[in-house]
Amino acid sequence: MSTASALPALRLRGISKRFGPLLANDDISLELARGEVLALLGENGAGKSTLVSILFGHYVADAGRIEVFGQPLPPGNPAAALAAGIGMVHQHFALADNLSVLDNVMLGSEPLWRPFSRRSAARRKLLDTARRFGLAIDPEARIGKLSVGERQRVEILKALWRGARILILDEPTAVLTPQESEQLFGTLAELIREGLSLIFISHKLDEVLRVSDRVAVLRAGRLVAERPARGTSRAELAELMVGRSVVAPTRTRREPGEIILAIDRVSTAADRHGMLDRASLEVRAGEIVAIAGVAGNGQEALAELACGLTAARHGRVAVSGEVLAARPRAWIARKVARIPEDRHAVGIVGDLPVWENAVSERLHTPAFSRFGWIRRGAARAFANALVARFDIRLSGIDVPTRALSGGNMQKLILGRALAVGGESAPLLIIANQPTWGLDIGAVAEIHRRLLDAAAGGAAVLMISEDLDEIMAIADRVAAIFKGRLSAALPVEQWTPASLGLAMAGDPVAPAEHADAA
Amino acid sequence: MSELYDIVASSAFWIAVLRIATPLIFGTLGVLLCERAGVLNLGIEGIMVAGAFCGWLVVFQGADLWTGVFVAALAGALLGLVHAGLTVWLGLSQHVSGLGLTLLATSLASYAYRVSFPKVSTPPTIEPFAPLDGLSGLPLIGPALGAQTAMTVLALALVPVIAWILQRTPVGLAVRMAGENPSAVEAQGVSVLAVRTGAIMAGSALMGVAGAFLTLSAFNAFFFNMVNGRGWICVALVVFASWRPGKALLGALLFAAFDALQLRLQQSSGLLPVQLPYQLYLMLPYILSIVALVVMARRAAYPQALMKPYRKGER
């Protein structure tokens with residue numbers, strides 16, 4: 001066992017990292033064997049990203065040490081991590097959109113004070129690497145022009161080009177279509193054949209079971225379990241991740257009612273939120289219609305259109321048969337509830353207390369203000385009722401809302417949205433990425449509330465990039481691609497494969513249309 | 001109209017254009033370097049004052065002219081370091097830091113001048129850079145260039161040099177990437193803080209030289225208010241130039257041409273049937289600059305990380 005090849009590729013010993021009161025990593029020890037795929041599984045905030053950030057030198061650990069192929073790795077130095085053969089594929093790609101592929105790959109690879117960049121040699125090497133791993137790329141293409149899948153390819157190539165022997169992939173499939181994910185898995189297999197070792201970070205259980213040899217589960221900063229991928233199960237991993245068993249809510253088939261939201265051949269102006277291109281959709285009372293798509297294909301334009309933030313340039317949008325002006329207040333008055341995509345940016349005002357956020361959408365209604373004065377008593381009572389009813393965990397309604405965890409923040413937004421109708425339920429709920437970034441427990445809770453709302457007669461339009469979520473709670477599904485919507489077919493008529501194709505712009509097969517008609 | 005042609009065809013006009021453009025070229029290249037690395041530097045106005053004063057002072061004390069230029073660059077770089085400390089290391093507002101730096105540097109220069117020369121009524125003078133008569137033999141551009149000093153030639157030569165550094169060298173790539181996506185720079189093992197600090201210091205050194213041109217070449221003394229908004233013009237010219245050195249040169253020449261033109265239009269009587277107040281002529285280059293800015297800036301591709309502080313580990 002004294003030969004070099006017996007050494008693990010990577011060895012972490014007692015890594016701890018504290019951010020203020022939060023212990024993000026608590027005495028974590030891990031090993032990665034050569035040629036192994038280790039999945040790092042855990043909910044948001046479990047400490048996965050912190051751990052790999054320490055590994056790659058973005059952070060310095062408070063305690064612990066790292067060995068790469070037997071050599072100690074100096075802490076807090078990405079250049080040293082790269083030199084030791086660690087490559088990282090960041091979840092939010094570390095690429096400059098306005099520069100070329102080659103620029104992005106080359107940066108930092110040669111001494112800074114050189115009068116000429118050796119571009120042609122670098123280009124040759126990049127093309128060689130690309131060929132060897134079957135990752136076709138145009139070195140002179142601008143990153144901004146590439147698809148998400150291609151950008152990820154550049155991230156991988158960047159690491160390989162620098163001679164990475166250990167590759168860390170942070171949530172690599174989060175932004176990919178099912179087909180692109182398949183391609184990625186093919187690439188990963190190729191990397192393993194070439195002798196690389198991989199750390200694969202994910203919270204998607206099926207994926208983890210499929211690609212990894214071994215699974216390490218993190219919970220609240222601690223390594224709670226290590227299992228060989230063969231011989232464990234989805235259920236076991238889910239329980240390890242959450243720390244208790246989670247019962248996912250199930251959908252019951254209902255007869256949908258009248259048409260609530262009717263979007264008829266609508267186009268919107270192209271802006272930073274994307275655009276819609278002759279999109280048509282109907283959402284009926286009592287059903288959940290999901291929009292599946294890769295981010296940036298017009299989802300935001302649709303969400304903003306469907307709650308009165310933007311107007312249609314062409315076509316017609318009606319709520320219960322009535323065309324409303326594009327003024328959010330008019331839509332809220334018609335009991336249209338909105339769960340926005342980015343809760344921190346547009347959902348809440350983080351520095352304001354919880355009770356002010358709880359009433360912010362209806363501040364001008366007689367319930368909460370009179371003669372221009374806020375009825376503080378009524379507003380606070382409402383906020384307290386919301387906290388109790390939706391089980392929002394906080395230390396008081398006067399705390400700044402940003403202090404809430406993602407799940408509790410989302411429950412606050414959901415509660416506020418569901419209360420839009422006053423005593424009665426909302427007529428229409430626009431939920432854009434309602435469970436993005438939440439842990440399994442909170443996801444189940446949000447799903448249950450949405451299903452309840454639909455059962456209570458609300459029409460729900462849910463926009464999601466998470467196919468599991470769509471398959472779990474939607475009644476009908478339409479795919480969105482470059483602003484165009486496919487037919488909204490019943491969920492049973494979709495398979496992950498057919499939905500993936502539709503998300504990539506393939507027209508839905510005619511047979512399925514016939515079924516829907 | 002023939003009078004207008006006479007003005008534009010005269011070598012005196014082009015001599016003035018180049019002279020007016022020189023500090024703008026230095027300053028614009030300086031702002032451009034800072035902004036390509038992702039940092040707005042509104043300290044330029046004050047850094048130019050400081051450069052003008054420091055450069056002039058050491059020459060007045062007996063140093064030679066190039067030492068004056070070097071000291072002006074050094075003063076600029078030091079003030080740039082202050083700006084970098086506040087905006088890059090501490091991540092504070094780039095607007096506030098820049099404007100504060102302008103106020104600080106302007107007041108410091110005035111104060112130092114008053115302390116050094118408490119009792120003068122006419123500003124003390126130095127012997128400035130001499131025109132490069134040797135260049136007047138060149139065809140076409142000779143007459144205009146021959147009346148300029150070595151600093152103007154340096155400014156013109158810097159344009160391709162800066163363009164080369166930005167586009168063709170590893171350090172230029174690091175600067176551009178720091179202005180587009182600092183996380184990408186960090187992920188490739190290069191320190192964003194070092195790259196940005198370096199770019200700001202180099203850019204601010206150029207701003208200092210821009211100021212020194214005024215006291216060591218264009219005039220021979222230091223006056224209060226001698227920078228007179230030229231720094232702000234440079235900030236606008238960078239947007240006009242879409243952050244490209246070549247276009248920055250074009251913009252500086254364009255502005256200088258408007259300025260030279262208005263001076264001559266004021267003096268010529270026969271061009272317009274009515275006598276306009278001279279203030280309107282003074283406004284001309286600024287108005288035309290705004291128009292040019294509006295036309296050009298609509299298509300400008302901003303460095304994506306401009307004015308976004310970078311903190312390690314944050315996304």
Side-chain angles (χ1 to χ4, degrees), chain A residues 17 19 24 49-50 52-54 56-60 74 76-84 86-100 102-119 122 142-144 151 154-155 158-159 161-162 164 168 170, chain B residues 32-33 35-38 157-158 160-199 201-202 241-244 298-306 308 310-315:
Chain A
K17 176 77 182 171
F19 294 107
S49 291
T50 304
V52 295
S53 290
I54 289 170
F56 195 66
H58 287 318
Y59 294 140
V60 179
N77 188 346
L82 282 166
I86 299 177
M88 177 129 172
V89 175
H90 294 79
Q91 184 182 6
H92 305 275
F93 302 142
L95 297 170
D97 289 356
N98 282 332
L99 303 184
S100 73
L102 189 59
D103 281 338
N104 274 280
V105 169
M106 280 184 75
L107 173 74
S109 66
E110 45 184 1
L112 283 182
W113 300 107
R114 193 181 258 187
F116 307 90
S117 246
R118 297 191 182 152
R119 290 181 68 86
R142 226 166 50 86
I143 297 291
R151 287 180 210 200
V154 176
E155 279 270 280
K158 214 166 76 170
W161 192 89
R162 298 288 288 260
I168 305 165
D170 191 359
Chain B
L32 189 142
L33 269 185
E35 295 194 359
R36 279 313 272 278
L158 268 176
V161 171
I162 300 276
W164 175 274
I165 290 174
L166 280 175
Q167 289 303 324
R168 296 294 168 87
T169 69
V171 74
L173 175 59
V175 168
R176 284 185 290 138
M177 191 94 93
E180 293 287 339
N181 184 357
S183 307
V185 177
E186 196 76 45
Q188 291 287 74
V190 177
S191 162
V192 177
L193 301 189
V195 169
R196 284 190 162 176
T197 303
M201 288 180 72
S242 301
W243 291 267
R244 309 217 170 263
R298 293 174 66 89
R299 291 179 292 147
Y302 282 72
Q304 287 187 355
L306 183 59
K308 291 188 187 133
Y310 174 75
R311 291 184 187 87
K312 211 176 166 178
E314 266 182 28
R315 281 192 262 269

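Naming: A, B, ... by sequence-line order, numbering from 1 per chain.
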(message) Surrounding CZ of A:Arg114 (heavy atoms of other residues, nucleotides or ligands, distance under 6.0 Å), is the total greater than 12?
(response) yes
Can you give the donor-acceptor pairs under 3.5 Å from side chains of residues 167-179 of chain B to other protein atoms, not counting sequence neighbours?
{"residue": "B:Thr169", "atom": "OG1", "partner": "B:Ile165", "partner atom": "O", "Å": "2.7"}
{"residue": "B:Thr169", "atom": "OG1", "partner": "B:Gly172", "partner atom": "N", "Å": "3.1"}
{"residue": "B:Arg176", "atom": "NE", "partner": "B:Leu166", "partner atom": "O", "Å": "2.8"}
{"residue": "B:Arg176", "atom": "NH2", "partner": "B:Leu166", "partner atom": "O", "Å": "3.4"}

(message) B:Trp243: which residues meet the ring-ring contact (aromatic ring centres under 6.0 Å, His included) condition with it, sequence neighbours left out?
(response) B:Tyr302
(request) Against chain B, label A:Leu82 side chain, backbone, both or neither, depending on which of its atoms sit under 4.5 Å from a heavy atom there. (result) side chain
(message) At a heavy-atom distance under 4.5 Å, which candidate from A:Gly108, A:Ala96, A:Ala83 has the highest pair count against chain B?
(response) A:Ala96
(message) Could you check whether any side-chain N or O of A:Asp97 sits under 3.5 Å from a backbone N or O of A:Ile143, counting only pairs where one atom can act as donor and the other as acceptor?
(response) no
(request) Would you mind checking which part of A:Phe56 comes under 4.5 Å of any heavy atom in chain B, side chain (CB onward), backbone (N, CA, C, O), both or neither? (result) side chain
(message) Is A:Arg162 close to chain B through its backbone or its side chain, or both, or neither, when contacts mean heavy atoms under 4.5 Å?
(response) side chain
(request) State, without any angle test, whether B:Gln188 and A:Ser109 hold a side-chain donor-acceptor pair at a distance under 3.5 Å. (result) no
(message) Let's test your reading of the structure: which of A:Asn98, A:Leu99, A:Asn77 forms the most heavy-atom pairs below 4.5 Å with chain B?
(response) A:Asn98
